[in-house]
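The structure under discussion appears below in the form of structure tokens.
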Amino acid sequence: MTAIPKAYEPAASESKWYSRWLESGCFLPGSDSNAETYSIVIPPPNVTGVLTMGHVLNNTIQDILIRRARQAGKRALWIPGTDHAGIATQTKVEKELRQEGLTRHDLGREKFVEKACEWRDTHGGIIFEQLKRLGASCAWERNVHTLDEGYKNAVLHTFVELYKRGYIYRGLRMVNWCPASLTALSDEEVIMKPCKSHLYKMRYEIAEEPGQYIEIATTRPETLMGDTAVAVNPEDERYKHLVGKHCWRPFPRAQIPIIADAAVEKDFGTGALKVTPAHDPADFEIGKRHDLPTIEVIDEHGILNENAGEDFAGMDRAKARKVAAKKLEELGLLIATEDHDNNVGFSERADVLVEPRLSEQWFLRYPKVEESKDAVKEAMIRFWPKRWEKTYLHWLNNIQDWCISRQLWWGHRIPVWYRKDADRNDPQNIHVSVEGPTDPENWEQDEDVLDTWFSSWIWPFATMGWPNEEAMQTHELSKFYPTSDLVTGPDIIFFWVSRMIMAGLEFMGPEKETLTPEDIQARMPFKNVYFTGIIRDIQGRKMSKSLGNSPDPLDLIAKYGADGLRFGIMSIAPQGQDILFNEDCVAQGRNFCNKLWNACRFRQMSGEMADNSSIEAIAKRMDAKFFDEDDHAILGQLTQTLDAVNKQLNEYAFSMATQTLYNFFWGDFCDWYLEVSKTKSPEHKATSFAVQDLVIRQLLLMLHPFTPFITEELWHLLGYGPEDSFIQNASPGTAEGLSTALNTCGITLKPEALTTVEKLRECVSKLRAIKAQYNLGAKKDINFFYTADEADHACISAHTEKLKSMAGAASLTRTDDVKEAPASITPLGTFYIDLASAVDIEAEKTRLNKELEKLKGLILSAQKKLENKSFTDKAPEQVIAGVQKQLDENKAKSEEIIKLLGSFTS
RNA sequence: GGGGGAUUAGCUCAGUUGGUUAGAGCGCUUGCAUGACACGCAAGAGGUCGUUGGUUCGAAUCCAAUAUCUCCCA
């Protein structure tokens, strides 16, 4: 046994234990095939990403769950991995190329992908090292990346299967186009932001009635060159006479028809809508219904092209808006420019205005939508907190086909080949397979890659080897799927959670049109989804690089230790509420660890360590006849804590569990039990040490999922486990289990001891308070007198040493009557300080009167309650008894005060 | 426009089916080197639980309005 240093030094301990854990392979699921399994798949971070506070929260929770499962003896598997983050990574690589004056096209596809791989391999994987610093106990040997060979095949297989099953199709559609990344985006990747824009009101001349005009309102005058109609609502009386006629589009000047379409809102603007089928989704639909021509005037970069006329060609869309408005004004066609608030789509990654653009893309009609709803509605998959179910169901109820193709080179290239120089609309000329055609020289592959989310929606089973039979065997998919818990943020409920559910239901069983509840149960990817809050700064802003308001978790670890960071963040993470992060909580976590360290250090310093190898070994060191109320109480509180923490963790109430542990350890164990144990007589010491050892043992076990490093360190320092075994191999167990173990060793806990201890504690607190009031706080030689009934007197006598030591008293003497002395009414009688002559009688009277007033209020409200017949008839007995007890106590106290006041003669 | 969430001490937040005197940490005030811990110990100040109604013997808690903030969807 080594002596414990004065302050806990996390750094050395953390690196030591992490490498020992890795060496031993203890993060891998054991081989006991009878054991229950438990599994989690990590939400794959971006391969080139670095650890954020969000990751800290999310992965600490996963680590708590997996470590707890391991302690419970389950075969626990936490699969780590990363995704390739198509747009983000490609953008970074292209940026690097630009510094060399190159574009990806200069390199060509093959070279570019090579370069991107290189870039990923040098910059990637940092996050794994960071997660290790945090203590994450992932099965690193099982690390998966979405572009790994096996995983890649799984992604392509998914595409091919869904294509065969009729869920995937290619079509010319209006999509969300990102002019910065030059790719289509899914609806989910578009962020709507409120913008201060303008509503331009302009007029087009009626061709058939020169001099007559139709007024049109638009927020986008820069697209008017692509207008191919003006539309009004068929019910709109104002315009009925114009439908079927034409008006003049001012530039390039051309006649366009005035049509009627129900999609036009009568009340918006002027009720007349300019129709630009190439640049607006709603207009596109109108165009299809009325067979309108489609004129593209904005190119893929957001620049106007030659169709817009020579005045506009080559101009950026933002500038074109101003120029178009000016031109309208010059032509006398602009009637008004009004301020207008609207919501405009921005691309999630590049944060630029998304341009609706007509293009050929691949779409997925989602499979198993109804079953996915049922899985959650029927609580086969449970959401924590439950309210996210609404968001999930709402999305599924309004689900739109998913645009899965991206115009990128970094990702999974779509496994579709077209016969060279042949009609692509003829199915004969399309080949879809994972391997590709056998005569590749006659085919050309689709240029696009798949959305990154298309690779991560199969994460729960593709990480376990699917669809390769052999790999599924070695990875034990049949044992670890469905996974147990998923921990993620609600911001990716659509991107990821719902899609994983659909993918699981579609693929984790034979192809089937509709599923039974049993099928759903067997196929669903996880049983519980815990949604974390979003970490914000103290002003409530999201943490972001650009704001610079996000602390680097590694700095925090260096400053406070990984355990401090983990405990701190868990203590402020309320269930499903956003978190305002403040470094103070990490300091508190660090302080907690240091307190734990010192409690153990104190135990080690106060007496020889003995056999701590098991609960029974420790219990055998206890002698029931040396048990006092404090021993009973602390062990009783320990059992309560065991059950409370188990219950809280079963309900994912992490911050509550930290609170429970904190209160028990700091409040009950350190502040009281350890302190009173200092006064124990020599023959009581051995038993008291055993009690301390037992409490510390169970505490370390309960704390281990939260603070793995320090608990492992102390576990070994105090000799709880053999050298070659880890704390993860022991379970904190339950209250019942502990009581039984104690019983068999001849210890039966007395629950009523807790009441006595509460009285003693309150009594001590009162004595300290009255000392402090008279500035005697630091003095230990105060003589107290007290009046008490026989029962209280007996209790005081039994605990005299304890009371004296804790309150800082030289003596406690029972007496009949004391006059003109400061007094305090405690649950064990009225205590007087003997300094009669020095007392400021007036001040003492004021103090007592103040207390009396407060008591009077309490007495009155209790009396009123008890006199109320409805209350006594209807309230539960316990509540009535409680009020009665409170009333009696307060009455006694107030009588005591009145007596004290009477004792002041002046 | 639709939906979710929040509103409790100076700050950040607990408060689990309504029930005994509404709690914690930080901060603040005062005192303290006490058989481990100043990353500590002790004592204390500080709250009309956003507002208004309602249900109830009883409301921070349930219901309805309302205000403010926030998120998501359209």
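Quick caveat: nothing in here was measured; it's all calculated off a predicted structure. Each chain gets a letter, A, B and so on, in the order its sequence line appears, and its residues count up from 1.
Checked for salt-bridge contact, A:D630 and A:K802 meet the test: a charged N lies under 4.0 Å from a carboxylate O.
The residue A:F581 sits apart from the nucleic acid: no heavy atom pair falls under 4.0 Å. Within the nucleic acid shown, A:K6 comes within 4.0 Å of sugar-phosphate atoms alone, with no base atom in reach, counting heavy atoms only. Looking at heavy-atom distances under 4.0 Å, A:E675 makes contact with a base. Within 4.0 Å of A:T872, counting heavy atoms only, lies no atom of the nucleic acid at all. Residue contacts for A:K390: at a heavy-atom cut-off of 4.0 Å it reaches the sugar-phosphate backbone alone, with no base atom in range. Residue contacts for A:A769: at a heavy-atom cut-off of 4.0 Å it reaches the sugar-phosphate backbone alone, with no base atom in range. Using a 4.0 Å heavy-atom cutoff across all strands shown, A:D584 reaches sugar-phosphate atoms only and no base atom. Using a 4.0 Å heavy-atom cutoff across all strands shown, A:D671 reaches sugar-phosphate atoms only and no base atom. Contact annotation for A:K685: base contact, defined as any heavy-atom pair under 4.0 Å involving a base atom. A:Q886 comes within contact range of at least one nucleobase, with a heavy-atom separation under 4.0 Å.
When each of A:C593 and A:S870 is assigned the nucleotide of RNA chain B bearing its nearest heavy atom, the one mapping closer to the 5' terminus is A:C593. Nucleotides of RNA chain B nearest to A:L580 and A:G882 differ in position, and the one nearer the 5' end is that of A:L580.
Comparing B:C71 with B:U29, their P atoms are spaced 36 Å from each other, to the whole Å. With C1' as the reference atom, B:G3 and B:G15 are 27 Å apart, rounded to whole Å. If you take atom C1' in B:A38 and the same atom in B:A33, they sit 9 Å apart, rounded to whole Å. Distance check on atom P: B:G27 versus B:C41 gives 13 Å, rounded to whole Å. B:U51 and B:A60 have their C1' atoms separated by 14 Å, with the value rounded to a whole Å. Rounded to whole Å, the separation between the P atoms of B:A9 and B:G1 comes to 32 Å. Taking atom C1' on both B:U48 and B:U8, the two are 12 Å apart, rounded to the nearest angstrom. Between B:A59 and B:C73, the distance separating the two P atoms is 40 Å to the nearest Å.
Considering only side-chain atoms of A:R590, the nucleotide from B:C39, B:C37, B:U21 that sits closest is B:C39. Nearest to the side chain of A:R387, among B:G40, B:G5, B:C39, sits B:G5. Considering only side-chain atoms of A:Y662, the nucleotide from B:A42, B:C73, B:G25 that sits closest is B:G25.
A cation-pi arrangement is absent between A:R536 and A:F581 under the rule of less than 6.0 angstrom and at most 45 degrees off the ring axis.
In this entry B:U66 has B:G50 as its Watson-Crick or G-U wobble partner, both defining distances falling under 3.5 Å. B:U29 is paired with B:A43 under the criterion used here, namely a Watson-Crick or G-U wobble arrangement in which both key atom distances are under 3.5 Å.
Taking the six-membered ring where the residue is Trp, A:F669 and A:Y673 present parallel rings, their angle staying beneath 30° rather than reaching 60°. Note on ring orientation: taking the six-membered ring where Trp is involved, the planes of A:F592 and A:Y662 are parallel (angle under 30°, cut-offs 30° and 60°).
Between the CD1 atom of A:I492 and the C1' atom of B:C73 there is a distance of 18 Å, given to the nearest Å.
Between the side chains of A:T679 and A:E801, no donor-acceptor pair of N or O atoms lies under 3.5 Å.
A search for side chain to side chain donor-acceptor pair (under 3.5 Å) contacts involving A:E9 returns nothing, not counting sequence neighbours.
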